[in-house]
*Asks:* 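Sharing a structure with you now.
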Amino acid sequence: MKLGTTLGPNRHLVEEETATFDFVEPALNPRDCPVEEFDAAGFRAKLDDADLDCTVHLPHFPDLATTVPEIDAAMREYQERALAKAETLDAEVGVVHASAGVHDDRHREAFVEQASWLADACRDRGLELVVENLGYTSEGFPLAEVAELAREAGASVCFDVGHAYLEGGQAAVESFLTDHGDLVRHLHVHDARERGDDHVPVGTGSVDFAPVMAWAADRDVTVAVELLVDDYAFQRDSVRRLRDLALT
């Protein structure tokens with residue numbers, strides 16, 4: 001198990017105190033890290049200086065699949081540009097959202113087709129594609145479908161613990177790891193509260209992370225803290241809490 005953090009737009013973090021982290025996860029999207037402007041080779045050099053490994057969040061808007069051939073073809077071209085950067089970064093996994101603007105058979109089939117292509121493209125670049133659950137949102141496929149979508153696409157799962165908690169509570173978190181843990185290669189970890197708050201620091205919400213970290217401790221998985229705060233003291237503290245739980 002490796003413990004790290006997502007970066008959002010805060011790529012400068014790798015030039016600061018990073019000893020808490022085993023890896024970082026930049027997001028290759030227009031908001032956080034425009035692919036066309038990103039110096040992947042320079043950033044890889046900074047990762048080497050900081051002794052950090054890397055995962056990446058691949059572009060997640062617009063949706064990977066829309067059922068409009070011209071849009072889906074353009075999305076493949078965009079993902080290819082992102083994958084070239086991910087390969088330069090020597091990233092281990094690439095995350096993509098399991099989402100679609102409409103939930104029907106056509107959009108499900110389109111998502112599997114696009115994700116299958118992306119899984120192959122990732123393998124060609126030395127990455128493993130992981131499909132992230134967003135079932136608590138209107139765009140995300142339900143958690144109950146995510147494992148099968150990943151299997152059909154030849155991909156693995158990015159299990160977002162906070163998203164699963166908001167969709168189905170603690171029972172959904174633990175049952176998914178029990179039933180589909182063989183597919184989980186990467187985790188996004190953040191706390192959440194029943195009232196709808198999520199992406200808050202570990203220990204400030206209602207999620208019981210003890211069974212999650214007991215599951216992850218001896219596995220070949222990457223665990224990324226994903227918080228919506230720019231003060232990385234919270235990320236460092238969350239990683240320390242998770243590491244302590246893994247050791248108990």
Side-chain angles (χ1 to χ4, degrees), residues 1-6 21-23 25 55 57 60 92-93 95-99 103 108 111 115 128-229 234-235 237-248:
M1 178 189 68
K2 296 178 183 178
L3 281 162
T5 183
T6 62
F21 310 124
D22 300 320
F23 71 95
E25 182 174 306
T55 61
H57 202 310
H60 55 273
E92 298 181 27
V93 301
V95 181
V96 70
H97 285 174
S99 60
H103 287 187
R108 187 188 188 284
F111 179 83
E128 183 173 356
L129 180 67
V130 292
V131 177
E132 178 183 355
N133 55 295
L134 285 95
Y136 80 106
T137 70
S138 59
E139 296 84 11
F141 288 101
L143 185 61
E145 295 182 26
V146 169
E148 188 58 31
L149 287 170
R151 289 187 198 279
E152 290 180 31
S156 298
V157 169
C158 168
F159 183 54
D160 190 301
V161 176
H163 293 175
Y165 182 85
L166 288 175
E167 185 176 355
Q170 187 70 31
V173 172
E174 296 183 34
S175 63
F176 190 91
L177 290 174
T178 298
D179 297 340
H180 306 295
D182 61 310
L183 279 174
V184 176
R185 170 65 177 82
H186 185 60
L187 294 91
H188 280 171
V189 174
H190 50 92
D191 220 331
R193 305 182 182 100
E194 288 88 347
R195 66 188 185 186
D197 301 334
D198 72 336
H199 293 276
V200 296
V202 171
T204 64
S206 307
V207 179
D208 180 4
F209 288 101
V212 176
M213 298 314 295
W215 176 90
D218 297 322
R219 286 178 165 82
D220 181 20
V221 294
T222 40
V223 181
V225 170
E226 187 180 39
L227 309 182
L228 296 183
V229 295
F234 291 105
Q235 278 85 343
D237 180 68
S238 290
V239 166
R240 284 191 287 266
R241 288 171 181 262
L242 294 172
R243 205 179 296 278
D244 288 344
L245 284 172
L247 294 174
T248 58

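Note that this is a predicted model, so its numbers are computed, not measured.
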*Asks:* To the nearest 0.5 Å, how far apart are CG in Asp160 and CG in Asp198?
*Replies:*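 So the gap between those two atoms works out to 8.0 Å.
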*Asks:* To the nearest 0.5 Å, how far apart are CZ in Arg219 and CG in Leu187?
*Replies:* 10.5 Å
*Asks:* Would you say that Glu92 contacts Thr222 through its side chain, given a criterion of any heavy-atom pair below 4.5 Å between the two side chains?
*Replies:*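 Counting from C-beta outward, Glu92 and Thr222 do come under 4.5 Å.
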*Asks:* Take Glu145 and His103, measure what side chain to side chain contact (heavy atoms under 4.5 Å, CB included) needs, and give me the verdict at the end.
*Replies:* CA-CA 11 Å; Glu145 295 182 26; His103 287 187; over 6 Å; no
*Asks:* Any side-chain heavy-atom pair from Gln235 and Thr6 closer than 4.5 angstrom?
*Replies:*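 Sidechains of Thr6 and Gln235: no contact.
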*Asks:* Shortest non-hydrogen contact from Ala172 to Ala164?
*Replies:*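 Result for this residue pair: CB-O, 3.8 Å.
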*Asks:* List the residues meeting ring pair (Phe, Tyr, Trp, His ring centres under 6.0 Å) with His199, not counting sequence neighbours, and say none if there are none.
*Replies:* His163, His190
*Asks:* To the nearest 0.5 angstrom, please state how far the OG1 atom of Thr5 sits from the CG atom of Leu227.
*Replies:* 6.5 Å
*Asks:* Tell me the closest heavy-atom pair linking Ala246 and Met1, and the distance in Å.
*Replies:* CB-CE, 3.8 Å
*Asks:* Can you tell me how far CG of Leu242 sits from CG of Leu247, rounded to the nearest 0.5 angstrom?
*Replies:*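 That separation rounds to 11.0 Å.
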*Asks:* Among Glu132, Glu128, Glu25, find the one that has a side chain to side chain donor-acceptor pair (under 3.5 Å) with His186.
*Replies:* Glu25
*Asks:* Just to verify, what does Ser99 make a side-chain hydrogen bond (donor to acceptor under 3.5 Å, both in side chains) with, not counting sequence neighbours?
*Replies:*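 With sequence neighbours excluded, Ser99 shows a side-chain hydrogen bond (donor to acceptor under 3.5 Å, both in side chains) to Asp63, given in chain and number order.
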*Asks:* Is Arg185 reaching over with its side chain to a backbone N or O of Ala155, donor-acceptor style, under 3.5 angstrom?
*Replies:* no
*Asks:* Check Arg241 with Asp237, please: is the shortest side-chain N to carboxylate O separation under 4.0 Å?
*Replies:* yes
*Asks:* Give a yes or no on this: more than 12 heavy atoms of other residues, nucleotides or ligands lie within 6.0 Å of atom CG of Asp244.
*Replies:* yes
*Asks:* About how many Å separate CD of Glu148 and CZ of Phe141, when rounded to the nearest 0.5 Å?
*Replies:*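 The CZ atom of Phe141 sits 12.5 Å away from the CD atom of Glu148.
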*Asks:* Counting C-beta onward and ignoring hydrogens, is there a side-chain heavy-atom pair between His57 and His97 closer than 4.5 Å?
*Replies:* yes
*Asks:* Taking the side chain as every heavy atom from C-beta outward, state whether Phe176 and Val184 have any pair of such atoms under 4.5 Å apart.
*Replies:*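 In short, these two side chains touch, coming nearer than 4.5 Å.
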*Asks:* Would you say that more than 12 heavy atoms from the other residues, nucleotides or ligands in this model lie under 6.0 Å from the CZ of Phe23, or not?
*Replies:* yes
*Asks:* Just by modelled atom types, is the Leu3 backbone N or O under 3.5 Å from a matching donor or acceptor in the Asp22 side chain?
*Replies:*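 Checking the backbone N and O of Leu3 against the side chain of Asp22, a donor-acceptor pair under 3.5 Å is found.
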*Asks:* Counting N and O atoms only, with roles assigned by atom type, does the side chain of Ser238 sit under 3.5 Å from a partner on the main chain of Pro201, one being a donor and the other an acceptor?
*Replies:*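 No, the answer is negative, given that no donor and acceptor are paired below the 3.5 Å cut-off.
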*Asks:* For residues 205-215, tabulate all N or O donor-acceptor pairs below 3.5 Å that involve a side-chain atom, not counting sequence neighbours.
*Replies:*
from: Ser206; atom 1: OG; to: Glu194; atom 2: OE1; distance (Å): 3.0
from: Asp208; atom 1: OD1; to: Ala210; atom 2: N; distance (Å): 3.1

*Asks:* With a 4.5 Å limit on heavy-atom distance, are the side chains of Val95 and Thr55 in contact?
*Replies:* no
*Asks:* Mind checking whether Phe159 and Val173 have side chains closer than 4.5 Å, heavy atoms only?
*Replies:*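 Contact flag for Phe159/Val173 side chains = yes.
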*Asks:* Using atom types as modelled and distance alone, determine if a side-chain donor or acceptor of Glu167 lies under 3.5 Å from a backbone N or O of Leu143.
*Replies:* yes
*Asks:* What closest approach, in Å, do Val200 and Ala192 show between heavy atoms, and which atom pair accounts for it?
*Replies:* CG2-N, 4.0 Å
